[in-house]
Amino acid sequence: MNGALATSAGRPDAPTVRDHTRRYLARVATGEMGALPALTGLVLFSAVFALLRPSFLSASNLANLFTQGAAVVVIAMGLVFVMLLGEIDLSAGYTSGVCGAVLAVLAAHGRLPWYAAAALALLVAVAIGLGLGLLVTRTKVPSFVVTLAGLLGLQGVALLLIGDSTTVTLDDGTLLSIANGTVAPELAWLMWAGGLAAYVMIEFRRKRKGLHHRRTADPLVLVVWRVLVAAVLSAAIVYLLNQERSPHPDIASLKGVPIVVPIIAVMIMLWTFVLRRTAYGRRIYMVGQSREVARQAGVNVDRIRVSVFVICSCMAAVGGVIAVSRAHSVDADTGGVNVLLYAVAAVVFGGTSLFGGKGRVLDAVLGGALMAVIDNGMGLMGYSAGLKYIVTCALLLLAACLDVVSRTREAAAAAVPPLPPGVAFVPAARPPAGPPAGPPSGPPARPTGHPPTGHPPTWPAGRTDPGPRHGPGAGTGWR
């Protein structure tokens, strides 16, 4: 053998915080950054805007942040599924506009109940996603071209639905409360406690499962630290949002968590479960990493590709409902190009690879939060829309460059696979130097029954010497 694998004795299953930090830094060095750029930008921009404009952290502005970025965040969640396959959906913005127009036209003036109008808008989204997916898979035309054509066509459909009027007003109270209503403070605290309990259960279940399967589980100190940070941060947000935000509380009170926040939280948990805990989610990642390998493994690649376009269109419809609810109306600019570009930027900021196979829904939400913070903070600073676009452009290019560098480093690291934790490579001793051995003396060696291929026989894994396989002494060559 050319080498041997030696396991270090006495190493615990769960590494220390120092070992975990070293392993994390090694992953970052090889390109696995995940949502680190989005999280870093979110913290830095929030700190800068809070220092320059103290009103940035006020209760009213915090609530405005959630409602302002909700539509973009929801559309970005759907785009994650498409971009995990290395595809793109440029029509997602106007899909939200068309579905919002269908909802507003059907629900205006009590023509249909809100739930019937919402169901029909969702059916329209399913039809749009199914059509785009079938065009991409059947015609073999790149998704960029198909969805670009869809963008133009859906813009025309939205104009036809609105008609001669410039806007269609939404007057249904239930639909308007989606983006403008709030949860009662008592109910908000109950939801906070339930969400925190679920998060604690998930974290400790993940640690216990890692120890059970002999994997490198996170240190207990790190798990407790993550839980404490999440608890304190979420409690501070709930506390601020439960403060009175109305300038005239004696006339109308305004306090509580916006209804759109628990809606987004439920969708995050749903799609995270789908991607990480179901066979369908694993197939999406498999197809995104290599379609040919997925096809050889028995995965229906075309069906997966069609399904992600349907999911993307349905999430765009939900984003359109939120946008129409916030604006109280729908017009020709609802779900325009700006909404699409902001959603794509949110996905890229969140670390979803442009080449497919890598990304998470939660990371796209962090990217959307970064977009909302930049837009809101620069608005408070009094900067023009042109400067906002320039800053967003620079950050998007930076995120794309980081994605390319990350993919290059991952490819280089994959060329030499790392050893498992606790295992070191021990090279075999070199044979002693000396003159070459002369011709063998004595009787010729007994034939072994192996064909004269010129190569030594290949022994099963774990065998250390070519001991007898059968008969007396069989198995003595095994470890």
Side-chain angles (χ1 to χ4, degrees), residues 35-74 76 178-193 195-196 199 225-249 252-265 268 322-323 326 342 345-346 349-350 362-385 387-392 394-395:
L36 182 61
L39 192 58
T40 304
L42 186 60
V43 172
L44 290 179
F45 277 101
S46 299
V48 170
F49 291 139
L51 290 175
L52 297 178
R53 288 291 186 272
S55 60
F56 177 80
L57 293 180
S58 63
S60 58
N61 190 64
L62 187 61
N64 185 41
L65 268 175
F66 282 108
T67 56
Q68 181 180 351
V72 172
V73 165
V74 171
I178 293 176
N180 301 285
T182 58
V183 178
E186 297 80 7
L187 182 58
W189 283 115
L190 288 176
M191 295 171 62
W192 171 82
L196 182 61
Y199 178 68
W225 174 254
R226 283 202 299 256
V227 170
L228 288 177
V229 170
V232 172
L233 185 61
S234 58
I237 292 175
V238 173
Y239 174 78
L240 286 175
L241 292 176
N242 282 339
Q243 303 303 308
E244 183 62 59
R245 305 191 296 272
S246 175
H248 303 287
S253 177
L254 180 60
K255 58 182 178 180
V257 177
I259 294 177
V260 73
V261 174
I263 292 176
I264 291 178
I268 291 174
I322 294 174
R326 183 172 183 266
Y342 273 36
F349 287 159
L362 180 59
D363 296 345
V365 174
L366 293 176
L370 175 59
M371 295 295 303
V373 165
I374 293 173
D375 189 58
N376 181 273
M378 295 187 71
L380 291 176
M381 295 290 295
Y383 294 124
S384 64
L387 188 57
K388 293 180 185 178
Y389 290 141
I390 292 175
V391 172
T392 305
L395 292 176

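Along the sequence shown, the residues carry numbers beginning at 1.
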**Asked** Between OH of Tyr342 and OH of Tyr389, what distance do you get to the nearest 0.5 Å?
**Response** 5.5 Å

**Fill in**
In this structure, CG of Asn242 is separated from CD1 of Ile237 (nearest 0.5 Å) by 12.0 Å

Kindly list each side-chain donor-acceptor pair under 3.5 angstrom involving residues 179-188, sequence neighbours excluded, with atom names and distances?
residue: Asn180; atom: ND2; partner: Leu176; partner atom: O; Å: 2.8
residue: Asn180; atom: ND2; partner: Ser325; partner atom: O; Å: 2.7
residue: Thr182; atom: OG1; partner: Lys255; partner atom: O; Å: 3.2

**Complete:** Nearest heavy-atom contact between Trp192 and Ser234 is NE1-OG, 2.7 Å

**Asked** Can you name the closest pair of heavy atoms from Gly350 and Asp363 and give their distance?
**Response** O-CB, 2.8 Å

**Fill in**
Nearest heavy-atom approach of Leu65 to Ala372 is CD2-O, 3.5 Å

**Item:** Closest heavy-atom pair and its distance - Val73, Ala369
**Value:** CG2-N, 4.3 Å

**Prompt:** How many angstroms lie between atom CG of Asn376 and atom CD of Gln68, to the nearest 0.5 angstrom?
**Reply:** 5.0 Å

**Item:** Any donor-acceptor pair under 3.5 Å from Arg245 side chain to Gly256 backbone
**Value:** yes

**Request:** Please determine which of Thr67, Val72, Val74 meets the side chain to side chain contact (heavy atoms under 4.5 Å, CB included) test together with Ile322.
**Result:** Val74

**Message:** For a side chain to side chain contact (heavy atoms under 4.5 Å, CB included) check, start with the C-alpha distance between Phe66 and Leu241, then their side-chain angles and the critical distance, and finish with the verdict.
**Reply:** CA-CA 10 Å; Phe66 282 108; Leu241 292 176; 4.0 Å; yes

Anything under 3.5 Å between a donor and an acceptor, one on a side chain of residues 36-49, the other on a protein residue two or more places apart or in another chain? List them.
residue: Thr40; atom: OG1; partner: Leu36; partner atom: O; Å: 2.7
residue: Ser46; atom: OG; partner: Leu42; partner atom: O; Å: 2.7

**Prompt:** Run the side chain to side chain contact (heavy atoms under 4.5 Å, CB included) check on Leu370 and Leu366 step by step: do they pass?
**Reply:** CA-CA 6 Å; Leu370 175 59; Leu366 293 176; over 6 Å; no

**Request:** Before giving the answer on side chain to side chain contact (heavy atoms under 4.5 Å, CB included), spell out for Val373 and Phe56 the whole-Å C-alpha distance, their side-chain angles and the decisive distance to 0.1 Å.
**Result:** CA-CA 9 Å; Val373 165; Phe56 177 80; 3.8 Å; yes

